[in-house]
Colleague: 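Okay, here's the structure, questions in a sec.
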Amino acid sequence: PEPMQGPSNHPTFNPRNQNNNNPPQSKSLGSTALLFPKVIKGVTDKLGGLVKVYRLHSTMGVFTFALAQCVVLLGLLSNWWTKQVPGLWQYLSMLMAGGAAALILAPVAQRLSK
């Protein structure tokens, strides 16, 4: 694999060129922090250290997942769903969605409580 290139020496990207293996950096900003480690260190120091940033990230992830599960459960209670799916399957689908939420949220919540 080629070494990671910074923004100043990134080659031009031509979407019509099928042999171009270098996608534009604007497509994925997930590793942008690796390009600017001093900025990220300053931000984490202001927030109280990397552990607090980790906890904040985990807490926001749990909160977002819980909201998404609420949306799923609201969808399962909608008029369309209740008309399309017979009685027992409605309850089983709610149980499965709730069980998946419990399986995912329980370990994360336990880890955050430490």
Side-chain angles (χ1 to χ4, degrees):
E2 295 181 25
M4 191 172 178
Q5 296 178 349
S8 61
N9 58 357
H10 190 272
T12 57
F13 179 73
N14 182 1
R16 294 189 179 116
N17 183 1
Q18 298 297 323
N19 296 326
N20 192 346
N21 294 329
N22 297 321
Q25 289 184 346
S26 61
K27 271 192 168 181
S28 173
L29 297 176
S31 62
T32 305
L34 297 174
L35 297 174
F36 308 104
K38 290 181 182 177
V39 173
I40 298 304
K41 183 170 179 356
V43 170
T44 56
D45 289 344
K46 286 182 182 177
L47 289 174
L50 197 57
V51 173
K52 284 190 179 179
V53 172
Y54 171 76
R55 282 185 177 243
L56 179 67
H57 176 78
S58 299
T59 304
M60 289 291 108
V62 166
F63 180 71
T64 304
F65 181 77
L67 285 177
Q69 285 300 110
C70 290
V71 169
V72 169
L73 288 174
L74 285 174
L76 294 174
L77 294 172
S78 70
N79 287 336
W80 179 84
W81 181 259
T82 54
K83 289 178 184 176
Q84 298 292 325
V85 179
L88 179 62
W89 291 105
Q90 292 175 10
Y91 297 112
L92 281 174
S93 58
M94 285 186 232
L95 183 67
M96 288 172 33
L103 282 175
I104 292 171
L105 291 177
V108 176
Q110 185 180 17
R111 172 90 173 155
L112 284 174
S113 67
K114 289 183 181 178

Colleague: Could you measure the distance from the CG atom of Leu92 to the CG atom of Leu76? Nearest 0.5 Å is fine.
Modeller: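 The distance works out to 11.5 Å.
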Colleague: Out of curiosity, does Val85 fall in the hydrophobic cluster containing Leu77 (side-chain heavy atoms, cut-off under 4.5 Å, transitive links)?
Modeller: yes
Colleague: Hey, is CD on Gln110 packed in by over 12 heavy atoms from elsewhere, all under 6.0 Å?
Modeller: no
Colleague: Can you name the closest pair of heavy atoms from Pro107 and Ala102 and give their distance?
Modeller: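 Residues Pro107 and Ala102, closest heavy atoms: CD-O, 4.3 Å.
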Colleague: Determine, using the 4.5 Å side-chain heavy-atom cutoff (strictly less than), whether Met94 and Trp80 are members of one ILVMFWY cluster.
Modeller: yes
Colleague: Just wondering, more than 12 heavy atoms not from Tyr91 lying within 6.0 Å of its OH?
Modeller: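 Result for OH/Tyr91: open.
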Colleague: Tell me whether Ser78 contacts the main-chain N or O of Gly75 through its side chain, where contact means a donor paired with an acceptor under 3.5 Å.
Modeller: yes
Colleague: CD of Gln90 to CD of Gln84: how many Å apart, nearest 0.5 Å?
Modeller: 10.5 Å
Colleague: Is Trp89 reachable from Met96 through a run of hydrophobic residues whose side-chain heavy atoms are each under 4.5 Å from the next?
Modeller: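 Different clusters.
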